Number of protein chains: 2
Amino acid sequence: MLWERPIRDLSITSIMNGTGLSRPAFYQYFSNVHNLVEQLLADLEVELVTAAMPWFTASGDSRAALRESLRGIIAVCVENGPVFRAISESAPLDARLEIAWAAFMGRWDAAVSDRIALEQKAGMIGPLDGSAISVALNRLDASTLVAEFGRRPQGDPKAVLGTLYHIWIKTLYTEPIAGFEGLDS
Amino acid sequence: MLWERPIRDLSITSIMNGTGLSRPAFYQYFSNVHNLVEQLLADLEVELVTAAMPWFTASGDSRAALRESLRGIIAVCVENGPVFRAISESAPLDARLEIAWAAFMGRWDAAVSDRIALEQKAGMIGPLDGSAISVALNRLDASTLVAEFGRRPQGDPKAVLGTLYHIWIKTLYTEPIAGFEGLDS
DNA sequence: GATTATACTGACACTTTGTCAGTACTGCTG
DNA sequence: CAGCAGTACTGACAAAGTGTCAGTATAATC
């Protein structure tokens, strides 16, 4: 249904109209619409984490692995974009869902941050605030994926991959540039 | 009010309770809550555009100007974070507001894209898809600003500046890295 | 001081939500 | 097969919020 209509039009009434069951039957399975969305998030996270494995477990060429991970994540979103969009757009509307979303993103932040720390130790990534950069890059990914694949017409997966890869690679794997380090105020 | 409660708790009823006026009086000025938010967006855009001027009009050191623009935008969000957050979170809930938000972001995308094209012509920025990169960087900024300054406790403006500046600079102003150009599939 | 526009209100109809008592159907057990 | 759970489901209700409208104050203008 999410392919057809935005989440804002999905009342319990309209959802149950499509099922042949009565509206109260909905409450047999979910406590409200946000709770339903919360379950969708749990399912989607499994798929995304699986798709993202390459970079997190890479031992050789971690740039190629990063590209592979991004490609996988994008593929999942090409398939489930509207679900991802519905989740991210619903999150601010419900306290519980907001917490679940924050936890979901927090796990990505931690995983990316750990990976960066690991590669920094190995000398593959230079000195940078891996924790803060992780949060930013993950938010970049989330908002890009939602915007590009959350509705039809979807964006071009290859183009999105190119863009995200560019930003990730440059951010993580390039030398510090002159005049950057130590700037403040 | 947005400092205290998230947008989801802001019904017309609760808004008007704070004013001493009756609920229908609200409709004297706005057609609904989303319309109110739409007006907030218009006001905020003016402030943000002003704050962002340095980079868009820079003639000398455009990296320093970029830093200045980011600092300005962050300063505006430190002051108006919850408003910005309310707007971005409400956008998916209303067709009109969604369009207004898309137009708002679209103007940033166009401005950044133009600036990149300009600096590419001047040889300051290398070959990259300025249009796609602009969209991504702007979404990065928006989601970061909302997350960091949209509620209390707010993030540290300096840290956020450092992170965003790092990503923007590396993305736009570093040399192409080996193995990046021409990768596809 | 009369007139006209503006600001505002009480009350109504409508929509959606969550709940609950109660019905129908299922499978199990003696 | 009768009786008894346990599950799946429903109709009806109360509560909360929305948008509208006829109508009343209040202020501004001539």
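In what follows, chains carry the letters A, B, and so on, assigned in the order in which the sequence lines appear, proteins first and then strands, with residues in each chain numbered from 1. None of these values were measured; they are calculated from a predicted model.
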Could you list all N or O pairs between the protein and nucleotides 6-8 of chain C that sit under 3.5 Å apart?
| residue | atom | partner | partner atom | Å |
| --- | --- | --- | --- | --- |
| dC8(C) | OP2 | Y29(B) | OH | 2.3 |

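- At distances below 3.5 Å, not a single donor-acceptor pair connects side-chain atoms of E98(A) with backbone N or O atoms of A91(A).
- A donor-acceptor pair under 3.5 Å is formed between the side chain of R115(A) and the backbone N or O of A58(A).
- Under a 3.5 Å cut-off, the side chain of R8(A) and the backbone N or O of P92(B) do form a donor-acceptor pair.
- Note: CE (M16(A)) to P (dG11(D)) measures 12 Å, nearest angstrom.
- Using cut-offs of 30° and 60° for the angle between ring planes, the F104(A) and F84(A) rings count as perpendicular.
- When the shell of 6.0 Å around CE of M1(B) is examined, it contains more than 12 heavy atoms from other residues, nucleotides or ligands.
- The one candidate from L48(B), L145(B), V83(B) that meets the side chain to side chain contact (heavy atoms under 4.5 Å, CB included) condition with V76(B) is L48(B).
- Distance, L93(B) CG to dG17(D) C1': 15 Å, rounded to whole Å.
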Quiz item: In B/S/- notation, 5' to 3', how is nucleotides 14-25 of chain C contacted by protein heavy atoms closer than 4.0 Å?
Solution: ---BBBB-----
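- The backbone N or O of M16(B) lies less than 3.5 Å from no partner atom in the side chain of R23(B), so there is not a single donor-acceptor pair.
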Exercise. Determine, stepwise, if the pair W168(A) / Y165(A) fulfils ring pair (Phe, Tyr, Trp, His ring centres under 6.0 Å).
Key: CA-CA 5 Å; W168(A) 276 73; Y165(A) 182 68; 9.8 Å; no
